[in-house]
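Let me begin by presenting the structure, written as structure tokens, before commenting on it.
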Amino acid sequence: MGKLYDELSEDYRIKEGLKTCINCGTCTAICPAAEFYRYDPRKIVDTVQRKDDAEIEALLKSDTIWYCGECMSCVTRCPRKNGAGLVIMALRNLSIKKGYFTESEKGRQIYPLTKALNGNVLNLGYCVHPLTFSYSDHPESGPVFEWVLKNKEEVYGRLGANYRKEGPGALRRIPQEDLDELKAIYDVTGGTERLELVEKYSHAKAEEMGMTDEEYLKYTFEYCSDKHFNNEG
Amino acid sequence: MKDNIVIVGGGIAGMEAARQLLLLGYKPILVEKSDHLGGHVADWHCLFPDMTPAQQVVKDLTEQIKDANIFLETEVSFINKMKMGYNVMFSNGVNVICKAILLATGFDLFDASKKEEYGYGIYDQVMTNKDLEHWFNTGDDKRITGKDIKKIGFVHCVGSRDVKAGNQQCSKVCCITAIKQAMEMKERFPDAEVYCFYMDLRLFGKKYEDFYIKAQMESGVHFIRGRVSEVSENLQGQVIVKTEDTLSGKPAKITLDLLVLMAGIVCNREAVQTASMVQVPIDSDGFLKSRDNILNIIETDSKGVFLAGTATGAKTIPETAAEARAVALAIHNYLVSQQ
Amino acid sequence: MMEFGFSISPSSTMNLDKVDFSLYERLCEIEPDAKKCMACGSCSATCTAGQWTGMSVRKVLLDIQRGKEAEAARLLKGCMLCGKCTMVCPRGINTRHLILSLCRIYGEDEK
Amino acid sequence: MIYQGKQKIWSDYQKEIPDNHWFYVRSCIRQSFFPASERYFMKICRDLLGKDIYETEHHTTCGGIAYHSDTIPQETAMTIVARQFALMKEAGYKNLVTSCITSFGNYTEILETWREFPELEARIRENLWKACRREFDKPEYLAHASDLVYKFRHEIASKAKYNLVDHMTGEPLRVVEHIGCHYSKMFPHKGVGGAEYPCVLSGMVDSWGGQVIDYPERRHCCGFGFRQYLVKANRGYSIANTHKKFESMEPYHPDMIITNCPGCPYFLDRWQYVISEMEGKTYGRNGYGIPVFTYEEVAGLVLGFDPWDLGLQLHQVAVEPLLEKMGIPYNPKTKYLGLNGKEIMKPGLPTVLKCC
């Protein structure tokens with residue numbers, strides 16, 4: 001048993017999600033990611049349960065652990081009450097803590113994700129918000145949403161949202177004291193530390209790749225090599 | 001006049017034990033809750049490894065125990081412990097004082113509808129191993145009769161080796177049953193492709209491996225290593241099966257005209273109640289608890305109470321019969337020791 | 001048409017409804033023992049070439065059973081025909097002979 | 001397909017849902033993309049059914065999307081949720097209802113994890129006290145808002161102005177139901193009807209006159225996948241999943257789709273648009289798409305609320321053909337108006353997908 005495995009096994013998601021795997025493949029059979037990526041959750045769970053640190057370290061540095069969509073469909077079906085999705089969450093957590101996530105293309109995406117989502121949470125009180133949802137980043141949201149974003153006050157106002165105003169209601173302005181509480185929670189629970197860590201490792205990787213932070217942000221958000229797919233079958 | 005012995009259960013274990021006890025000069029009382037002897041085997045068509053007709057086995061045993069006191073459609077209502085034995089009350093009103101009780105209560109076939117994702121009782125073309133044997137026997141099943149069957153699947157481990165389904169034990173006989181039934185279907189539908197979806201092939205018994213090779217060589221059964229994860233139905237009423245082909249490491253799907261679920265062996269739920277009347281507890285595997293699981297599997301910690309057959313776990317017919325013979329001797333020795 | 005910056009990912013699910021068994025059937029005609037394989041992996045474990053080339057008789061057979069002829073051919077190129085696999089096969093399959101038969105089929109197809 | 005078989009399973013998954021007094025928490029995605037759905041949930045529960053649904057301005061996200069995108073530690077997510085529990089306690093409520101399925105799954109999982117590991121719950125109590133000087137009680141009952149609408153489905157049916165039927169032929173509409181993955185896949189017993197054949201939406205469809213379609217990829221995820229949609233580079237995964245579902249349901253010719261997760265209706269709607277742009281393919285009749293609704297929107301339509309008050313103009317797939325089929329009147333001129341009937345510009349049109 002190795003140090004990385006020990007650290008992993010302290011994660012409650014490993015305690016809940018990894019009992020004993022018998023390699024039956026029920027998880028992979030219905031995994032959306034296994035269909036569309038070079039990905040097999042069964043093999044990941046099996047690798048973790050082998051407790052070999054070198055193999056686990058390779059996993060933490062690989063693209064493989066970033067393919068899962070955390071839909072948790074695997075949890076429903078496993079005959080041994082494992083949760084491959086939970087194991088993945090623990091692996092990702094450790095990959096970030098160790099700074100290994102910058103070693104893979106998909107892992108590096110933690111940078112734009114962390115910035116966007118936590119920026120929203122800490123500034124607006126919600127993970128997703130029309131104020132920061134730009135049409136140019138989301139052309140798939142369609143002409144109708146381009147229209148909504150251009151007319152936020154009008155459209156949300158007509159639909160009875162309390163858009164950016166005080167008091168309860170959809171899309172209200174969250175009082176500053178509540179946002180301060182969220183920040184305090186981040187500070188106390190390691191959330192802030194996590195943001196700083198992602199910033200630090202990503203900055204170093206950007207430098208290594210010869211990019212500014214802004215270029216790296218855009219690159220990690222948009223770049224997709226074709227090595228992730230597998231359509232030979 | 002020899003001592004009374006009550007045998008609960010008229011399946012293979014109960015019948016074979018009764019036969020041996022008759023040979024030893026006893027006149028056992030056998031109670032069976034259903035209206036016929038033979039237990040699950042009576043519902044089967046042919047038996048591995050030599051395709052012996054199941055009806056013949058039941059018939060032979062039935063003929064040889066006709067001197068026993070047999071009560072069909074009868075259950076044990078209650079059992080009182082007495083100083084020298086037990087007072088057993090049956091549901092037909094008969095009351096028996098006996099020195100030995102044999103619990104040959106057998107198993108329940110796992111209720112396949114509990115594996116909800118396999119759609120038994122929901123999707124039209126899904127059946128169980130037992131349903132298929134019924135079709136072999138009667139030719140009557142709307143899932144097969146008159147249908148153009150081109151692709152057939154067999155799902156191993158349905159309600160076996162499954163913590164979520166409440167039974168983590170291997171049911172032992174399903175692998176070989178699946179292969180047997182796959183070959184029987186291939187005989188009846190020579191043009192059909194037949195698939196077995198398995199996790200491990202546990203072919204431990206006499207000539208089982210021969211069956212496996214025969215299924216590969218002669219019947220051309222396709223063996224796919226992967227537990228079936230989900231079954232659904234398409235517009236044509238066929239079933240779509242999803243599994244991982246774990247040897248290829250790829251999710252796989254296939255459309256089938258018929259899907260047969262190998263429902264496993266779980267402890268007879270009513271037997272648990274009967275066993276509790278004579279203080280026989282349940283072992284950690286969900287089956288009745290033996291004194292120990294090495295040399296005394298047919299004995300219990302309750303004096304004069306014995307076990308045989310699948311009451312203590314999944315077994316084949318020969319294993320059950322062997323246990324039944326052993327238990328007859330054990331009961332005889334016990335009764336002699338009590339005199 | 002709009003440009004979105006991504007396209008629909010291809011599915012890698014193996015559709016067993018569409019597997020072409022013809023090569024497997026041709027092989028079984030001349031090498032009936034091919035059907036006997038139980039995927040135990042003894043051949044792969046003992047294969048010297050496999051360590052560097054990924055060659056594995058088990059995988060070749062599996063690929064042929066799943067209709068992946070090109071993949072099987074790619075693996076076969078790594079074989080040195082040393083025959084160690086034949087010595088270890090618990091089902092007594094003459095794997096070396098089987099490989100040669102396969103090569104012959106591929107050779108015929110190339111003509 | 002044997003309907004009775006499903007009924008048998010449903011009877012095993014009956015969820016206890018209290019009749020009244022709920023503390024409501026909003027959804028990041030629903031309020032952004034379907035703001036009127038949250039409004040009409042409140043309106044239906046409060047005004048029509050006389051229920052007490054309480055909302056405080058001080059509540060926030062549960063952090064679920066940030067958590068499932070792996071950008072915050074588990075303890076951060078748990079403490080944010082603990083704060084919501086504290087707000088509920090301070091407001092004097094014991095039942096918590098969430099607008100979001102990710103939230104519902106998140107809350108459910110956190111409560112289960114705390115039950116299994118009480119030391120973790122103790123640590124979160126400490127965290128919350130340190131950060132916010134608040135204390136919490138765990139909710140006695142946890143429900144998703146669709147559970148409540150399911151519970152009140154017969155009352156809604158009794159007040160219905162329209163049914164899910166073709167008003168010309170009297171034939172029931174063919175309805176696809178799509179359940180959010182985090183509703184019951186992790187904890188089947190926490191969802192109405194379980195994980196394999198949930199009846200929270202099909203129950204609504206049944207009571208409102210529609211016919212539920214069961215197609216092969218019914219249980220498959222819409223493809224959101226958190227990071228798989230949020231990062232542009234990964235969206236091929238996201239759309240591929242929706243594509244797979246539509247290819248599977250296409251032969252059944254569904255009239256509409258009903259969903260209970262806030263994200264799924266957005267993806268099932270927008271990916272139809274993108275597929276039409278990429279491949280030229282549409283899944284509805286005559287070049288239209290298959291309209292996708294939230295359950296609040298469907299309840300609102302059945303109860304006779306104005307389609308544009310329900311926010312159906314925020315869908316990319318046109319709803320008008322369905323409204324016509326159901327015999328629901330609508331005014332095309334008021335569809336894209338702003339606040340207080342103000343004329344504002346109209347949205348652009350897709351290249352392929354037919355819109356009104």
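Below, chain A is the first sequence line, B the second, and so on; all start at residue 1. In this text the structure is predicted, and so the values were computed from the model without any measurement.
- Here the CZ-CG distance, from Arg158(A) to Asp309(D), works out to 6.0 Å after rounding to the nearest 0.5 Å.
- Between Phe33(D) and Phe145(A), the ring centre distance stays below 6.0 Å.
- Between His243(D) and Phe36(A), the ring center distance fails the sub-6.0 Å criterion.
- Contact of Tyr273(D) with chain A is made through the side chain alone, with heavy-atom distances under 4.5 Å.
- Neither the backbone nor the side chain of His228(A) comes within contact range of chain D; no heavy atoms are under 4.5 Å apart.
- Crowding of Lys335(D) atom NZ: a count of heavy atoms from other residues, nucleotides or ligands under 6.0 Å exceeding 12.
- For chain A, the nearby part of Glu196(D) is the side chain; its heavy atoms alone come within less than 4.5 Å.
- For Thr113(D), the parts sitting under 4.5 Å from any heavy atom of chain A are the backbone and the side chain alike.
- Using a 3.5 Å distance cut-off with no hydrogens or angles, the side chains of Glu140(A) and Tyr229(D) do pair a donor with an acceptor.
- Heavy-atom distances place no part of Arg133(D) under 4.5 Å from chain A, backbone and side chain included.
- Side-chain contact between Ser32(D) and Tyr126(A) is absent, with no heavy-atom pair separated by less than 4.5 Å.
- Only the side chain of Glu38(D) comes within contact range of chain A, judged by heavy atoms closer than 4.5 Å.
- Contact annotation: the side chain of Lys15(A) never approaches that of Glu116(D) to less than 4.5 Å [non-hydrogen atoms, C-beta and beyond].
- Contacts of Arg83(D) with chain A are made by side-chain atoms alone, with heavy-atom separations under 4.5 Å and no backbone atom involved.
- When heavy atoms are compared at a cutoff of 4.5 Å, Thr192(A) does not approach chain D at all.
- Looking at Arg39(D), only its side chain comes within 4.5 Å of chain A, counting heavy atoms on both sides.
- Heavy-atom distances place the backbone of His315(D), and not its side chain, under 4.5 Å from chain A.
- Residue Thr76(D) forms a side chain to side chain contact (heavy atoms under 4.5 Å, CB included) with just one option from Asn118(A), Val188(A), Thr189(A), and that option is Thr189(A).
- At a 4.5 Å heavy-atom cutoff, the contact between Arg134(D) and chain A is made by side-chain atoms alone.
- With sequence neighbours excluded, no residue satisfies side-chain hydrogen bond (donor to acceptor under 3.5 Å, both in side chains) with Lys232(D).
- Contact of Val231(D) with chain A is made through backbone and side chain together, with heavy-atom distances under 4.5 Å.
- Looking at Asp180(A), neither its backbone nor its side chain comes within 4.5 Å of chain D, counting heavy atoms on both sides.
- Interface remark: of the candidates Leu230(D), Val274(D), Asp269(D), Leu230(D) forms the most heavy-atom pairs closer than 4.5 Å to chain A.
- Partners of Tyr223(A) under the ring-ring contact (aromatic ring centres under 6.0 Å, His included) rule, at least two apart in sequence or in another chain, are Tyr219(A).
- Ile239(D) does not touch chain A: none of its heavy atoms, backbone or side chain, sits under 4.5 Å away.
- Using a 4.5 Å cut-off between heavy atoms, Tyr67(D) touches chain A through backbone and side chain atoms alike.
- Ile174(A) has its side chain out of reach of His58(D): every pair of non-hydrogen atoms, C-beta onward, lies at least 4.5 Å apart.
- Sparse packing is recorded around NZ of Lys218(A), with 12 or fewer heavy atoms of other residues, nucleotides or ligands lying under 6.0 Å away.
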### Message
As a quick check of understanding, evaluate salt bridge (Lys or Arg N to Asp or Glu O under 4.0 Å) for Glu35(A) and Lys244(D), giving each step before the final call.
### Response
CA-CA 10 Å; Glu35(A) 175 164 2; Lys244(D) 172 177 163 151; 2.3 Å; yes
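- Residue Tyr40(D) does not touch chain A at all, counting heavy-atom pairs closer than 4.5 Å.
- Proximity to chain A involves both the backbone and the side chain of Asn234(D), based on heavy atoms less than 4.5 angstrom apart.
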